[in-house]
Amino acid sequence: MAPKNDGPTKKVMNKGAWTAEEDRRLAEYIEIHGAKRWKTVATKSGLNRCGKSCRLRWLNYLRPNIKRGNISDEEEDLILRLHKLLGNRWSLIAGRLPGRTDNEIKNYWNSHLSKKINQKEKTVATSTAPEANPQKAWGVEEGE
DNA sequence: AATGCACACAACCGCGACACC
DNA sequence: TGGTGTCGCGGTTGTGTGCAT
């Protein structure tokens with residue numbers, strides 16, 4: 001499909017998956033000028049992307065020292081404990097896991113751990129004879 | 001071999017916080 | 001002190017891929 005004429009004033013930003021060329025340009029720009037003023041990064045680097053998009057791409061994918069995939073048992077355990085402590089404060093949790101990003105942890109939680117926890121809760125609920133104390137077994141507190 | 005489904009991950013969106021003028 | 005612009009975060013959606021039927 002041939003692109004339509006967008007008109008003289010309106011500039012349409014790129015969306016969707018990043019290309020290798022875009023990655024290269026972003027990394028190159030940040031290497032020279034640093035990762036600050038994302039709006040400027042977006043415009044000056046010549047990428048037709050918004051600052052937000054550049055920031056996300058850099059933090060979650062291009063930044064050096066990023067660990068990707070293979071979350072170890074220790075890391076998983078740490079995530080579980082930190083989540084219990086902090087709740088959905090993914091950036092704080094990520095801060096405790098060197099090389100991991102908040103987005104990755106959030107994704108991991110949503111696809112793996114939330115299910116695990118649901119299953120755990122179910123087994124606990126069934127194993128602790130509900131008829132002895134039904135309210136506690138179903139997590140019902142008087143104040144609620 | 002084709003199709004449908006579930007899962008994993010990348011990216012977008014909306015909103016609140018913060019900095020600067 | 002209020003207004004405006006930018007950033008950062010969390011929630012959500014879109015898309016690609018592998019697996020089962």
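Computation of the quantities below employed the complete heavy-atom set of this structure, encompassing side-chain atoms and omitting hydrogens, waters and symmetry-equivalent molecules. Below, chains carry the letters A, B, ... as their sequence lines are ordered, and counting in each starts from 1. In this text the structure is predicted, and so the values were computed from the model without any measurement.
Checked against dC9(B), dA11(B), dC9(C), the side chain of Leu56(A) finds its nearest nucleotide in dA11(B). Side chain of Ser53(A), nearest nucleotide from dC12(B), dC9(B), dC7(C): dC12(B). When the nucleotides dC15(B), dG11(C), dC12(B) are ranked by their closest atom to the side chain of Arg49(A), dC12(B) comes out on top. With dG10(C), dA11(B), dA8(B) as the candidates, the nucleotide lying closest to the side chain of Ser111(A) is dA8(B).
In summary, the side chains of Glu22(A) and Asn14(A) do present a donor paired with an acceptor at a separation below 3.5 Å, with no hydrogens or angles considered.
Between the CD1 atom of Ile93(A) and the P atom of dG8(C) there is a distance of 19 Å, rounded to whole Å. As a whole-Å value, the separation of His83(A) NE2 from dG11(C) C1' is 13 Å. The separation between Lys52(A) atom NZ and dG11(C) atom P is 15 Å, rounded to whole Å. The interatomic distance linking Asp102(A) (CG) with dG11(C) (C1') rounds to 12 Å, in whole Å. Asn103(A) has its CG atom 8 Å from the C1' atom of dC9(B), to the nearest Å. Put simply, NZ on Lys36(A) is 18 Å from C1' on dG8(C), counting in whole angstrom units. With rounding to whole Å, Glu104(A) atom CD is found 11 Å from dA8(B) atom C1'. Here dA11(B) presents its P atom at 14 Å from CH2 of Trp38(A), a figure rounded to the nearest Å.
Residue Arg89(A) places none of its side-chain N or O atoms closer than 4.0 Å to OP1 or OP2 of dC9(C). The phosphate of dG10(C) has neither OP1 nor OP2 within less than 4.0 Å of any side-chain N or O from Trp109(A). Listed pair Arg57(A) / dC12(B) fails the phosphate criterion, with no side-chain N or O lying under 4.0 Å from OP1 or OP2.
Of the charged side-chain nitrogens involved, none lies within less than 4.0 Å of a carboxylate oxygen, so that Glu28(A) and Arg25(A) do not count as a salt-bridged pair. Salt-bridge annotation for Lys67(A) and Glu75(A): present, with a side-chain N of the basic residue lying under 4.0 Å from a carboxylate O of the acidic one.
Although no hydrogens or angles enter the test, the distance criterion places no donor-acceptor pair under 3.5 Å between the side chain of Asp77(A) and the main chain of Asp73(A). Panel note: side chain Ser53(A), backbone Cys50(A); no donor-acceptor pair is recorded below 3.5 Å.
The residue Asn60(A) sits apart from the nucleic acid: no heavy atom pair falls under 4.0 Å. Residue contacts for Asn88(A): at a heavy-atom cut-off of 4.0 Å it reaches the sugar-phosphate backbone alone, with no base atom in range.
Environment of CD in Glu21(A): crowded, with over 12 heavy atoms of neighbouring residues, nucleotides or ligands closer than 6.0 Å.
Ring-plane geometry between His83(A) and Trp90(A) is classed as parallel, the angle between the planes falling under 30 degrees on a 0 to 90 degree scale with a further cut at 60.
Across residues 14-24 of chain A, Lys15(A), Gly16(A), Ala17(A), Trp18(A) each have a non-hydrogen atom less than 4.0 Å from an atom of DNA chain B (numbered order).
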### Task
Whenever both distances are under 3.5 Å in a Watson-Crick or G-U wobble pair, mark it; put DNA chain B into dot-bracket that way, with [ ] for crossing pairs and | when the partner is on another strand.
.||||||||||||||||||||

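One N or O donor and one acceptor, one from the side chain of Lys106(A) and one from the base of dG11(C), sit under 3.5 Å apart.
A cation-pi geometry, defined here as NZ or CZ lying under 6.0 Å from the six-membered ring centre and within 45° of its normal, does not hold between Arg49(A) and Trp38(A).
Side-chain contact between Leu26(A) and Trp18(A) is present, with heavy atoms from C-beta onward closer than 4.5 Å.
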### Message
One pair to check against side-chain contact (heavy atoms from CB on, under 4.5 Å): Asp102(A) and Asn60(A). What are the steps and the verdict?
### Response
CA-CA 8 Å; Asp102(A) 55 351; Asn60(A) 291 322; 3.7 Å; yes

